[in-house]
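Note that the structure is a prediction, hence the values are computed from the model and not measured. Below, read A as the first sequence line, B as the second, and so on, with proteins coming before strands; counting in each chain starts at 1.
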Amino acid sequence: MQYAAPRGTHDIMPDETPLWHWLEEKFRRVTRLYGYQEIRTPVFEHTEVFARTSGESSDIVRKEMYTFEDRSGQSLSLRPEGTAGVVRAYLQNGLNATMPLAKLCYIAPNFRYERPAAARYRQHHQVGIEAIGSQDPALDAEIIGFGRHYLDDVGLTGTALSINSVGCPNCRPAYREALQAFLQPLLPRLSEDSQRRFETNPMRILDSKDEGDRDLTADAPVMLEYLCEECQDHFARLQNHLLDLDIEFEVDRRLVRGLDYYTKTAFEFKHAGLGAQDTVLAGGRYDGFVEQLGGPPTPGIGFGSGMERVLEAMAADGIRPVASGPRPDVFVATMGEAAHKFGVSVLGQLRRDGIASEMSYGSRSLKSQMKQADRSGAQLALLLGDDELSKGAATVRWLQTSEQQFVELDELPRRVKELLDATREAPPVSPAPQE
RNA sequence: GCGGGCGUAGCUCAGUCGGUUAGAGCGCCAGGUUGUGGCCCUGGAGGUCGUGGGUUCGAUCCCCAUCGUUCGCCCCA
């Protein structure tokens with residue numbers, strides 16, 4: 001093999017795109033129900049945009065960004081996550097002045113230079129939403145409810161929702177101190193990874209997968225005990241809204257987020273069939289974010305959901321909603337050069353009449369063309385040969401029943417449409433995609 | 001970035017205790033029907049056995065490196 005796609009990237013081939021379209025449509029439908037409008041931002045931004053907001057210490061900024069200089073020497077980076085670019089666009093286009101609450105959604109690729117693993121890629125695709133401009137916990141509930149709705153529609157009803165509050169700049173510093181005070185004496189006994197986290201992100205230690213760490217930190221202070229009044233109230237009201245909405249959740253006191261910008265609400269939907277990369281949709285509130293990008297103090301909240309992960313979770317659950325891509329209505333088969341030439345113009349006419357049509361190129365036997373017609377999934381085959389040409393007609397063959405008839409050429413579009421309509425009213429026994 | 005598994009046809013995989021022409025099923029193409037698809041039969045194309053180096057009379061097989069992939073860790077969607 002001469003060339004392969006770069007490590008951690010993958011091609012989405014024609015036999016898979018129908019499934020991607022299906023998933024995108026599931027998402028778009030929910031965006032309409034909840035009133036989120038699509039935004040499309042550049043695939044790269046000034047590196048500052050991400051460095052500023054994700055936190056200089058986060059792994060994403062430290063070692064996972066695709067950063068490069070353009071010809072003028074400015075530093076640009078491929079988007080590693082969705083929120084930063086959206087907020088940048090929000091400010092640049094003055095939505096803060098024109099939309100009291102901006103409800104935005106996107107479907108876009110993200111890029112991270114990390115070691116590929118199951119359901120983790122260097123280029124992956126996320127659907128996501130952001131709501132910028134309100135601190136109301138009802139909005140947190142809407143965002144989480146959106147996530148639940150989307151996953152349910154996709155068929156992943158078994159995903160478990162965890163929520164937590166990670167506090168705010170008022171209460172987190174005190175908690176961080178208390179946590180570090182607790183961890184200090186344990187430090188030598190913690191895993192290597194956690195020793196490193198002690199400085200960079202001590203809250204992550206609570207989330208460690210190391211069993212020894214888990215035991216040692218069983219009685220560690222948790223953020224919930226240190227929440228300021230405002231954060232406490234916010235978290236309580238969120239839970240009430242979720243209960244009112246019949247959304248099942250569990251409070252995970254150790255749930256944290258990797259990016260520095262999160263405040264208050266953090267949440268994750270996990271799927272059991274995925275192995276180590278089991279988070280299928282995750283997000284949280286980021287009330288200090290807009291300010292960090294130079295805007296006025298503006299609260300915001302959103303989530304991202306990895307499409308590759310959702311598709312793998314679907315596969316693990318045996319959800320296979322789409323059988324195949326679009327099929328032509330009509331397949332034109334010809335015999336002889338004159339008929340082939342004529343077939344080309346018939347094909348063009350059918351298409352102008354709105355009938356999806358194909359034909360065979362190169363000189364293939366009729367048998368081979370019929371085989372192609374069969375595999376194309378077309379309902380009708382149109383046969384053109386010397387007989388038809390001399391009579392000014394075409395043979396129209398209904399592929400399911402093998403019935404066929406001569407049709408005058410000027411009758412053709414009308415007759416073909418009639419036959420196709422009849423088929424649609426009484427759908428044949430083809431394996432219908434399950435909804 | 002760290003540790004382990006795997007890499008044989010388009011796909012799923014067999015195989016060689018190191019030995020000459022590397023196999024199957026599916027798929028693809030053609031013929032069996034010089035104007036008719038699905039089933040069946042017959043035939044065909046398609047492989048530098050991931051790549052590079054080493055050991056050997058001889059390597060797809062053993063060793064090393066490298067690339068890719070996969071599982072776990074870090075981190076994350």
Fill in: Atom pair distance, as rounded to whole Å: CE in A/M13 and P in B/G27
19 Å

Worksheet item: Tell me: CG of A/L366 to C1' of B/G32, nearest whole Å?
Response: 16 Å

Discussion item. Nearest whole Å is fine: how far is B/A77 P from A/E114 CD?
Written reply: 10 Å

Discussion item. I'd like to know if A/R115 reaches the base of B/C75 with its side chain, counting only an N/O donor and acceptor under 3.5 Å.
Written reply: no

Discussion item. Applying the Watson-Crick and G-U wobble criteria at under 3.5 Å, what pairs with B/A22? Answer none if nothing qualifies.
Written reply: none

Item to complete: Under 4.0 Å between any heavy atoms, over every strand shown, what does A/D387 touch: base, sugar-phosphate, or nothing? Just pick one.
Response: base

Worksheet item: In whole Å, what separates the C1' atom of B/C61 from that of B/A14?
Response: 14 Å

Worksheet entry | Pairing partner of B/U60 (Watson-Crick or G-U wobble, both distances under 3.5 Å) | none

Worksheet item: Considering heavy-atom distances to RNA chain B, does A/A117 or A/L281 have its closest nucleotide positioned more toward the 5' end?
Response: A/A117

Worksheet item: With distance as the sole test, does A/R309 use its side chain to make a donor-acceptor pair with the main-chain N or O of A/T279 at under 3.5 Å?
Response: yes

Worksheet item: Considering only the C1' atoms, how many Å lie between B/C64 and B/U55, rounded to the nearest integer?
Response: 11 Å

Worksheet item: Which value, in whole Å, describes the distance between the C1' atoms of nucleotides B/G38 and B/G27?
Response: 16 Å

Donor-acceptor list for residues 176-185 of chain A side chains, cut-off 3.5 Å, not counting sequence neighbours:
from, atom 1, to, atom 2, distance (Å)
A/R176, NH2, A/E199, O, 2.9
A/Q180, NE2, A/F198, O, 3.0

Worksheet item: What's the closest nucleotide to the A/L383 side chain, out of B/G31, B/C75, B/U36?
Response: B/U36

Worksheet item: Which value, in whole Å, describes the distance between the C1' atoms of nucleotides B/C11 and B/G47?
Response: 14 Å

Worksheet item: Contact class for A/N110 (heavy atom, under 4.0 Å): base, sugar-phosphate, or nothing?
Response: nothing

Discussion item. Taking donor-acceptor contacts at under 3.5 Å, does the side chain of A/Q369 reach the base of B/U36?
Written reply: no

Worksheet item: Counting only N and O atoms by type, is there a donor-acceptor contact under 3.5 Å from the side chain of A/R172 to the main-chain atoms of A/V166?
Response: yes

Item to complete: Please answer whether the main-chain N or O of A/S191 pairs with a side-chain N or O of A/S194 as donor and acceptor at a distance below 3.5 Å.
Response: no

Worksheet entry | Whole-angstrom distance between B/U48 and B/U60, as gauged at atom C1' | 11 Å

Worksheet item: Can A/D252 and A/S162 be counted as having a side-chain donor-acceptor contact under 3.5 angstrom?
Response: no

Would you mind writing out the side-chain donor-acceptor pairs for residues 127-134 of chain A within the sub-3.5 Å range, not counting sequence neighbours?
from, atom 1, to, atom 2, distance (Å)
A/E130, OE1, A/Y286, OH, 2.5
A/E130, OE2, A/T83, OG1, 2.9
A/E130, OE2, A/Y106, OH, 3.4
A/S134, OG, A/D136, N, 3.1

Check: protein-nucleotides 38-40 of chain B nitrogen or oxygen pairs below 3.5 Å:
from, atom 1, to, atom 2, distance (Å)
B/G38, O4', A/D374, OD2, 3.0
B/G38, O6, A/S402, OG, 2.6

Worksheet item: Looking only at N and O atoms, is any donor in the side chain of A/E388 or the base of B/G35 less than 3.5 Å from an acceptor on the other one?
Response: yes

Response to the item:
Atom CD of A/Q195 and atom C1' of B/C73 are separated, to the nearest Å, by 16 Å

Practice prompt. Indicate, with a heavy-atom threshold strictly under 4.0 Å, whether A/G8 touches base, sugar-phosphate, or nothing.
Written response: sugar-phosphate

Worksheet item: Between A/Y34 and A/Y36, how do the two ring planes meet: parallel, tilted or perpendicular, split at 30° and 60°?
Response: tilted

Worksheet item: Checking all strands, does A/A373 fall into the base, sugar-phosphate, or nothing category for heavy-atom contacts under 4.0 angstrom?
Response: nothing

Worksheet item: Which base, if any, makes a Watson-Crick or G-U wobble pair with B/A30, both distances under 3.5 Å?
Response: B/U42

Worksheet entry | Pairs meeting criterion ring pair (Phe, Tyr, Trp, His ring centres under 6.0 Å) with involvement of residues 361-411 of chain A, two or more places apart | none

Fill in: Where at least one partner belongs to residues 144-163 of chain A, residue pairs that pass salt bridge (Lys or Arg N to Asp or Glu O under 4.0 Å), sequence neighbours excluded
A/R29-A/D153, A/R148-A/D152

Discussion item. Side-chain N or O of A/S365 versus OP1/OP2 of B/G35: is the shortest distance under 4.0 Å?
Written reply: no

Worksheet entry | Opposite nucleotide pairing with B/C6, Watson-Crick or G-U, both atom distances under 3.5 Å | B/G68

Response to the item:
In whole angstroms, the gap separating P of B/C75 from OH of A/Y113 amounts to 19 Å

Worksheet item: A/R204 CZ to B/C74 P: how many Å, rounded?
Response: 9 Å

Practice prompt. Can you tell me, in whole Å, how much space there is between the C1' of B/C62 and that of B/G18?
Written response: 8 Å

Item to complete: Side chain of A/T279 only, please: which of B/C73, B/G35, B/A77 is the nearest?
Response: B/A77

Discussion item. I'd like the C1' distance from B/G43 over to B/U12, given in whole Å.
Written reply: 24 Å

Worksheet entry | Short side-chain to backbone donor-acceptor contact, A/R112 and A/P80, under 3.5 Å | yes

Fill in: First encountered from the 5' end of RNA chain B, between A/S208 and A/E268
A/S208

Worksheet item: Is any side-chain heavy atom of A/Y226 less than 4.5 Å from a side-chain heavy atom of A/P221?
Response: yes

Fill in: Under 3.5 Å side-chain donor-acceptor pair for A/H124 and A/Q126
yes

Fill in: Interface with RNA chain B, restricted to residues 121-131 of chain A and to heavy atoms under 4.0 Å
A/Y121, A/H124, A/Q126

Worksheet item: Counting only distance, no hydrogens or angles, is the base of B/A77 paired donor-acceptor with the side chain of A/R112 under 3.5 Å?
Response: yes

Worksheet item: Closest to the A/R364 side chain: B/A77, B/C75, B/C29?
Response: B/C29

Worksheet item: Which whole number of Å gives the distance between the C1' atom of B/G72 and that of B/A9?
Response: 32 Å

Discussion item. Parallel, tilted or perpendicular: which one describes the rings of A/Y66 and A/Y113, with boundaries at 30° and 60°?
Written reply: perpendicular

Item to complete: Could you tell me the separation between the CE atom of A/M370 and the C1' atom of B/G37, rounded to a whole number of Å?
Response: 5 Å

Item to complete: Starting at atom CG of A/L78, determine the distance to atom P of B/A77, rounded to an integer number of angstrom.
Response: 17 Å

Item to complete: Just name whichever nucleotide pairs with B/C73, Watson-Crick or G-U, keeping both distances under 3.5 Å, else none.
Response: B/G1

Response to the item:
Considering only heavy side-chain atoms of A/A282, the closest of B/A77, B/U36, B/C76 is B/A77

